[in-house]
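Structure first, then comments.
As a basis for the values below, the full set of heavy atoms in this structure was taken, side chains included, without hydrogen atoms, waters or symmetry mates.
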Amino acid sequence: MAGASGYAGGEALRLLLGHPDVEIGALTAGASAGMRLGQYQPHLLPLADRVLSDTTIDELSGHDVVVLALPHGKSARIAAELGEDTLVIDCGADHRLEDGQDWQRWYGGDHAGTWPYGLPELPGQREKLRGAKRIAVPGCYPTVSSLALAPAFQDGLVEPEAVIVAVSGTSGAGKSLKPHLLGSEVMGSVSAYGVGGTHRHTPEITQNLSKVAGEKIAVSFTPVLAPMPRGILATCSATLRPGKTADDVLATYEKAYADEPFIHVLPAGTWPTTGAVLASNAVQLQVTVDPDLARLIVVGTIDNLTKGTAGAAVQCMNIALGLPETTGLSTVGVAP
C-alpha cells in the first residue's frame with residue numbers, strides 16, 4: 001500500500017483487513033515515512049505499530065497487488081517501474097483520462113496513458129477488468145454521477161446534456177492542511193467550489209457519459225462542500241427526449257441495475273441519504289421526472305472514501321484476480 005497515511009490509503013487498509021484472501025505487505029508514505037501508522041490511522045489497531053516506509057520501488061516490488069493512494073501526478077512513475085506480473089491499482093487520476101490533451105489541460109504535465117477504468121457497473125467495463133494487471137480507480141464524483149445517469153444515456157432517454165450538483169464531505173479534498181478545510185471554516189457552512197466547469201472531475205464525467213451514449217455529452221458540474229467528513233449526494237438531471245415517460249425511466253433503471261450487488265434503486269418515495277451508505281460500498285439511487293420541464297432527475301449517494309475510492313479498488317481487485325466481486329465489501333452502513 002503506497003500512501004498509507006492518507007484518507008484513501010487508510011480506508012483501503014480498513015477494508016483489506018477484513019478481506020479473507022489478503023495479507024497486507026509493505027506500507028509506504030511520503031513525508032510521514034519513518035512514523036508509526038497508528039499516528040495517522042489510529043482506528044487501524046491491527047496495523048498501528050507498523051512503521052511507514054518510503055514509497056520506493058524496492059519497498060513495493062515483489063507484491064502480488066500494489067494499491068497506489070498517491071496525489072495526482074505521482075503514481076505514473078512508480079507504476080511504470082513495477083513488474084507486469086503485479087496488479088497495480090491506481091486510486092489517483094494519472095491513468096483515468098483517455099485524451100492526453102484533457103490531462104494536460106486539467107492536471108498538467110505528460111499524460112501517462114490510459115488503464116482499464118475501474119467502474120465495473122458501466123456497460124462493458126467488468127469484462128475489461130477481468131485478468132487486468134493495471135486498473136485506474138474512478139474519481140468519487142464521477143462514480144456517483146456516472147452511475148446515476150448512465151442508464152438514461154445508454155437507452156437514449158435523454159438529450160445529450162447533463163447538469164450535476166454534488167455535495168461532498170471534506171475528506172474528498174485529502175488530508176493535507178488547507179485553510180478552507182479547517183473546522184472553524186467548515187462547521188455550519190456550505191460552499192460551492194470549482195464552479196463554471198472548472199473542477200478536474202468534469203472531463204472524467206464527460207468521458208464516461210459520452211462513451212455510454214455513443215455521442216458527445218455536454219456536462220455542467222458543480223461540486224459543493226458540506227460540513228461532514230465523508231459522503232456524496234449528487235443531484236443529476238437531463239432533458240427527456242420527446243415521447244419518453246417516467247415509466248420508461250423507472251423500467252430502464254430497474255433493468256440496468258437489477259443484478260448489480262452494490263447499486264440499489266430505492267422504492268418510490270424514498271430518497272438517498274449520505275448517512276445510509278456511510279462506510280459501505282453501496283450506491284443508492286432514486287429517479288423521477290419533473291413533468292413541467294420534462295426533465296429526468298436522479299439523486300444518488302455514495303461514501304466517497306468507500307465506493308468512491310477504496311471500495312472501488314477492492315472491488316476491482318476482486319474482479320481482476322477472479323475472486324467473488326463482493327469479497328471484503330459490504331452494503332451495510334454505519335448508523336447513527
Side-chain angles (χ1 to χ4, degrees), residues 1-72 74-75 78-79 81-83 86-92 118 135 137 140 169-177 229-231 277-282 302-321 323-334:
M1 166 63 66
S5 60
Y7 286 136
E11 182 72 354
L13 289 171
R14 180 181 75 85
L15 297 173
L16 293 172
L17 280 168
H19 196 296
D21 300 304
V22 168
E23 180 180 345
I24 295 172
L27 304 179
T28 78
S32 51
M35 309 296 284
R36 291 173 53 256
L37 179 67
Q39 294 177 255
Y40 300 92
Q41 312 286 10
H43 62 299
L44 302 178
L45 286 177
L47 301 173
D49 291 331
R50 294 275 297 274
V51 176
L52 297 167
S53 305
D54 287 317
T55 302
T56 65
I57 296 301
D58 288 342
E59 289 291 334
L60 297 174
S61 294
H63 293 78
D64 296 319
V65 181
V66 172
V67 177
L68 302 175
L70 302 174
H72 302 317
K74 301 295 184 182
S75 299
I78 295 291
E81 296 186 45
L82 289 169
T86 300
L87 170 56
V88 184
I89 301 175
D90 185 7
C91 293
I135 295 174
V137 174
C140 52
T170 57
S171 61
K175 226 174 187 179
S176 299
L177 295 177
R230 54 200 289 169
V277 298
L278 184 65
S280 83
N281 206 53
I302 63 170
D303 186 313
N304 60 296
L305 291 179
T306 315
K307 180 57 175 170
T309 309
V314 174
Q315 185 179 349
C316 292
M317 178 192 75
N318 289 338
I319 295 171
L321 297 177
L323 299 172
E325 187 171 332
T326 60
T327 305
L329 299 169
S330 175
T331 57
V332 179
V334 176

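Residues Leu60 and Ala2 approach most closely at CD1-CB, 4.1 Å, considering heavy atoms. In terms of heavy atoms, Asn304 sits closest to Ser171 at ND2-OG, 3.0 Å. Nearest heavy atom pair, residue Tyr40 against residue Lys175, reads O-NZ, 2.8 Å. Listed here is the closest heavy atom pair of Val314 and Thr327: CG1-O, 3.9 Å. Closest non-hydrogen pair, Ala310 versus Ala8, comes out as CB-O, 3.9 Å. The heavy-atom pair separating Ala4 from Leu52 by the smallest distance is CB-CD2, 3.8 Å.
Residues passing the side chain to side chain donor-acceptor pair (under 3.5 Å) test with Thr309: none are found, sequence neighbours excluded. In this structure Glu59 satisfies the salt bridge (Lys or Arg N to Asp or Glu O under 4.0 Å) test with no other residue, sequence neighbours excluded. For Leu44, the side-chain contact (heavy atoms from CB on, under 4.5 Å) criterion is met by Leu13, Arg14, Leu17, Leu37, Gln41, not counting sequence neighbours. Here Ala33 pairs with Asp54 under the side-chain contact (heavy atoms from CB on, under 4.5 Å) rule; sequence neighbours left out. Listed by chain and number, the residues in a side chain to side chain donor-acceptor pair (under 3.5 Å) with Asn281 are Gln315 (sequence neighbours excluded). Scored by the side-chain contact (heavy atoms from CB on, under 4.5 Å) test, Val334 finds Leu278, Ala279 as partners (sequence neighbours excluded).
Applying the salt bridge (Lys or Arg N to Asp or Glu O under 4.0 Å) rule to pairs touching residues 305-319 yields Glu121-Lys307, sequence neighbours excluded. Listed by first and then second residue, the salt bridge (Lys or Arg N to Asp or Glu O under 4.0 Å) pairs involving residues 24-35 amount to none (not counting sequence neighbours). Legend: salt bridge (Lys or Arg N to Asp or Glu O under 4.0 Å) pairs involving residues 30-53, not counting sequence neighbours, sorted by first then second residue: Arg36-Asp49. Residue pairs meeting the side chain to side chain donor-acceptor pair (under 3.5 Å) criterion with at least one partner in residues 60-70, sequence neighbours excluded, are absent.
Atom-to-atom distance recorded for Ile78:CD1 and Thr56:OG1 is 7.0 Å, nearest 0.5 angstrom. In this structure, CD in Glu81 is found 4.0 Å from CD1 in Ile57, a value given to the nearest 0.5 Å. Glu325 CD to Cys316 SG: the interatomic distance, rounded to the nearest 0.5 Å, is 8.0 Å. Rounded to the nearest 0.5 Å, atoms SG (Cys91) and CE (Met1) are 6.5 Å apart. With rounding to the nearest 0.5 Å, the separation of CG in Leu47 from CG in Leu45 is 9.5 Å.
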* Asked: Should Val67 and Val137 be marked as a side-chain contact (heavy atoms from CB on, under 4.5 Å) after you check the CA-CA gap, both sets of side-chain angles, and the distance that decides it?
  -> CA-CA 10 Å; Val67 177; Val137 174; over 6 Å; no
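Using modelled atom types, one finds a donor on one side chain and an acceptor on the other under 3.5 Å when comparing Ser75 with Asp90.
Between Val88 and Leu68, the closest side-chain pair of non-hydrogen atoms falls below 4.5 Å. Between Ile135 and Leu87 the shortest side-chain heavy-atom distance falls below 4.5 Å.
Panel note: side chain Ser280, backbone Ala282; a donor-acceptor pair is recorded below 3.5 Å.
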Sequence neighbours left out, cut at 3.5 Å: what donor-acceptor pairs do the side chains of residues 20-32 make with other protein atoms?
| residue | atom | partner | partner atom | Å |
| --- | --- | --- | --- | --- |
| Thr28 | OG1 | Thr55 | OG1 | 2.8 |
| Ser32 | OG | Ser5 | OG | 3.1 |

